[in-house]
Undergrad: 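Supplied in structure tokens, the structure appears directly below.
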Amino acid sequence: MTTHKGFDRYVSGALGWLWLIVTIVPIYYIVITSLRSQSSFYTENPLLPTGSPTLKAYADVFQNKFWMYFLNTAIVTVVSVAVILLVCVMISYYIARRRNTWSRRAHSMILLGLGIPMQAVIVPVYYLVVQLGLYDSLFGIIAPSIAFAIPVTVMIMVNSMRDIPEELFDSMAVDGAKDWQILWRLVVPLSAPAVTTAGVYQALQVWNGFLFPLILTQSGSVRVLTLSLWTYQGQYTSNIPAILAAIILSALPVLVAYAVGRKQMVAGLTAGFGK
């Protein structure tokens, strides 16, 4: 038995190191390549650090309207996530508290959205955005991003809200609290891990979104970071160091958001599984 357990530990350790290598190598490649010049990229060993590191790729990125693309992406992400959380908190509260036929049907209808990939409905979405006059604008990206984020966000929040003890609701109701007071003073604070989880997850989805910006915009003034990478591609060649430098700069806000909310995310993802 002891030998068997020791063998399992060795196998687990070896698989862990293998996964670490698979994860680290692409990140290492991106970082060292972003420090190369465009000419040295084609002449040096791609897996070894360059002999003459340079920040020219980063300078090229900042000179190529990076801050405009960054601001557009930030606006789309912040507005989308704020509306998603506000709407889904209220929807989830209704579903979790009003356990009747209507709430169950609403919950089922919302969860049906989990089975609808955005790629399958991009044509109707495009038509609706054009008809609403939102094409080639940041709101044309924000509206469908909110719609497709509702199902998974509601699923996360409903599980968390159902874990709140019934006695707390009864206590506030006896004190004369209205539904909106119970929601904002009791439910939201106790559901903070789920709200943080949904917020960080949806921020990642919107920040890294590519399909909606590609299909629903065309002007450079409303271009977001994921589309800005196209600007480093010419007809016959691509500035690979600049592309990877832009990827690193684009990923920094996401890494910060994850570092700040990772503990809350773990608690939020496990909410509702203790019963």
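Residue numbers run from 1 in the order of the sequence given. Any value given below was found using the heavy atoms of this structure, including those in side chains, with hydrogens, waters and symmetry copies removed. The structure presented is a predicted model; accordingly, all values stated were derived computationally and were not measured.
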Undergrad: Just verifying a value: how many Å separate Leu227 CG and Gln218 CD, rounded to the nearest 0.5 Å?
TA: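 Nearest 0.5 Å value for the CG-CD distance: 12.0 Å.
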Undergrad: What's the spacing between Gln181 CD and Leu186 CG if we round to 0.5 Å?
TA: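 CG of Leu186 is found 11.5 Å from CD of Gln181.
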Undergrad: Could you check whether any side-chain heavy atom of Leu35 comes within less than 4.5 Å of a side-chain heavy atom of Thr54, counting everything from C-beta outward?
TA: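 Result no, sub-4.5 Å side-chain heavy-atom pair not found.
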Undergrad: Is the backbone N or O of Met157 less than 3.5 Å from a side-chain atom of Ser160, with the two atoms forming a donor-acceptor pair by type?
TA: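 Such a contact is absent between Ser160 side chain and Met157 backbone.
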Undergrad: Taking all non-hydrogen atoms of both residues, which atom of Ala242 and which atom of Val61 are closest, and how far apart?
TA: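 What the structure gives for the nearest pair is O-CG2, 3.4 Å.
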Undergrad: When hydrophobic residues are tied together by side-chain contacts of less than 4.5 Å, even through go-betweens, does Val78 share a cluster with Val224?
TA: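 Unlinked, Val78 and Val224 end up in two clusters.
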Undergrad: Mind checking whether Ile21 and Ile30 sit in one hydrophobic cluster, side chains of I, L, V, M, F, W, Y counted as touching below 4.5 Å?
TA: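 Different clusters.
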Undergrad: Please lay out, stage by stage, how Phe139 and Leu132 fare under the test side-chain contact (heavy atoms from CB on, under 4.5 Å).
TA: CA-CA 10 Å; Phe139 287 102; Leu132 291 172; over 6 Å; no
Undergrad: At what distance, to the nearest 0.5 angstrom, does CD1 of Ile116 lie from CZ of Phe148?
TA: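 So the CD1 of Ile116 and the CZ of Phe148 are separated by 7.5 Å.
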Undergrad: State yes or no: do Val222 and Leu134 share one hydrophobic cluster built from I, L, V, M, F, W and Y residues joined by side-chain heavy-atom distances below 4.5 Å, directly or via other members?
TA: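 Val222 clusters together with Leu134.
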Undergrad: Strictly distance-based, threshold 3.5 Å: is any side-chain N or O of Ser40 a donor or acceptor partner for the main-chain N or O of Arg36?
TA: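 Not at all, since once roles are kept as given, no pair shorter than 3.5 Å links the two residues.
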Undergrad: Please name the pair of heavy atoms, one in Tyr69 and one in Gly220, separated by the smallest distance, quoted to 0.1 Å.
TA: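 The answer is CE2-O, 3.9 Å.
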Undergrad: Report the distance from atom CD of Glu44 to atom OG1 of Thr50, rounding to the nearest 0.5 Å.
TA: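 It is 3.5 Å, given to the nearest 0.5 Å.
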Undergrad: Can you tell me if Tyr93 and Asp179 form a side-chain donor-acceptor pair at under 3.5 Å?
TA: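 Asp179 and Tyr93 do have a side-chain donor-acceptor pair below 3.5 Å.
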Undergrad: Kindly say whether Gly209 contributes a backbone atom to a donor-acceptor pair with the side chain of Thr226 at under 3.5 angstrom?
TA: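 Here the side-chain-to-backbone pair exists.
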Undergrad: Over all heavy atoms of both residues, which pair between Ala194 and Ile156 is shortest? Give the atoms and the distance, please.
TA: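 Here Ala194 and Ile156 meet closest at O-CG2, 3.9 Å.
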Undergrad: Donor-acceptor check, side chain of Thr196 to backbone of Ala192, threshold 3.5 angstrom: yes or no?
TA: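 Flag set: sc Thr196 to bb Ala192 pair under 3.5 Å.
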Undergrad: Are the side chain of Tyr28 and the backbone of Leu47 linked by a donor-acceptor contact shorter than 3.5 Å?
TA: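 Yes, Tyr28 side chain to Leu47 backbone: donor-acceptor pair under 3.5 Å.
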Undergrad: In terms of hydrophobic clusters joined by side-chain contacts under 4.5 Å, are Leu214 and Leu216 together?
TA: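 Result: yes, single cluster for both.
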Undergrad: Please evaluate residues Met118 and Val125 with respect to the criterion side-chain contact (heavy atoms from CB on, under 4.5 Å), reporting the C-alpha separation (whole Å), side-chain torsions for both, the decisive distance (0.1 Å), and the verdict.
TA: CA-CA 9 Å; Met118 64 177 65; Val125 168; over 6 Å; no
Undergrad: Does a sphere of radius 6.0 Å around CZ in Phe210 hold more than 12 heavy atoms from other residues, nucleotides or ligands, not counting ones at 6.0 Å or beyond?
TA: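 Enclosed: over 12 neighbouring heavy atoms sit under 6.0 Å from CZ of Phe210.
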Undergrad: If we only count heavy atoms from C-beta on, is the Ile146 to Val87 side-chain gap below 4.5 Å?
TA: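 The answer is no; the side chains never approach within 4.5 Å.
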Undergrad: Please answer whether the main-chain N or O of Leu138 pairs with a side-chain N or O of Asn72 as donor and acceptor at a distance below 3.5 Å.
TA: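 No.
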Undergrad: List the steps, then state whether side-chain contact (heavy atoms from CB on, under 4.5 Å) holds for Leu112 with Met109.
TA: CA-CA 5 Å; Leu112 282 176; Met109 289 296 295; 4.0 Å; yes
Undergrad: Can you check whether Phe66's main-chain N or O pairs, donor with acceptor, with Asn64's side chain at less than 3.5 Å?
TA: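 Checking the backbone N and O of Phe66 against the side chain of Asn64, no donor-acceptor pair under 3.5 Å is found.
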Undergrad: Closest heavy-atom contact between Ile32 and Pro49?
TA: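 Taking every non-hydrogen atom into account, CD1-N, 4.5 Å.
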Undergrad: Any side-chain to backbone donor/acceptor pair from Thr73 onto Leu225? Under 3.5 Å, distance only.
TA: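 Looks like yes, one N/O pair under 3.5 Å.
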Undergrad: Drop me the distance from Arg223's CZ to Asp136's CG, to the nearest 0.5 angstrom.
TA: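 With rounding to 0.5 Å, CZ (Arg223) is 10.5 Å from CG (Asp136).
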Undergrad: I need the minimum non-hydrogen distance between Pro151 and Ala147, along with the two atoms involved.
TA: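 Residues Pro151 and Ala147, closest heavy atoms: CD-O, 3.7 Å.
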Undergrad: Using side-chain heavy atoms (C-beta onward) and a distance below 4.5 Å, is Leu128 in contact with Gln131?
TA: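 They are not in side-chain contact.
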Undergrad: Once rounded to the nearest 0.5 Å, what's the spacing between atom CG of Leu114 and atom CE of Met155?
TA: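 With rounding to 0.5 Å, CG (Leu114) is 5.5 Å from CE (Met155).
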Undergrad: If we ignore angles and hydrogens, is there a donor and acceptor under 3.5 Å between the side chains of Ser39 and Ser37?
TA: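 There is such a pair (donor and acceptor under 3.5 Å, judged by atom type) between the side chains of Ser39 and Ser37.
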Undergrad: Quick one: do the Tyr94 and Ser103 side chains pair a donor with an acceptor below 3.5 Å?
TA: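 There is no such pair (donor and acceptor under 3.5 Å, judged by atom type) between the side chains of Tyr94 and Ser103.
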Undergrad: Please determine which of Thr77, Val81, Val76 meets the side-chain contact (heavy atoms from CB on, under 4.5 Å) test together with Trp207.
TA: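 That would be Thr77; it is the only one of Thr77, Val81, Val76 passing the side-chain contact (heavy atoms from CB on, under 4.5 Å) with Trp207.
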Undergrad: Got Asn239 and Phe41 here, is their nearest side-chain heavy-atom distance under 4.5 Å?
TA: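 No, too far: nothing below the 4.5 Å cut-off.
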Undergrad: Linking I/L/V/M/F/W/Y whenever their side-chain heavy atoms sit closer than 4.5 Å, directly or via other members, would Val254 and Ile243 fall into one cluster?
TA: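 Yes; Ile243 is reachable from Val254 via cluster members.
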Undergrad: List the steps and the verdict of side-chain contact (heavy atoms from CB on, under 4.5 Å) for Ile95 and Arg162.
TA: CA-CA 9 Å; Ile95 293 173; Arg162 283 177 175 170; 3.8 Å; yes
Undergrad: So which atom in Val188 and which in Trp184 form the shortest heavy-atom distance, rounded to 0.1 Å?
TA: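 Heavy atoms only, the tightest pair is CG2-CE3, 3.4 Å.
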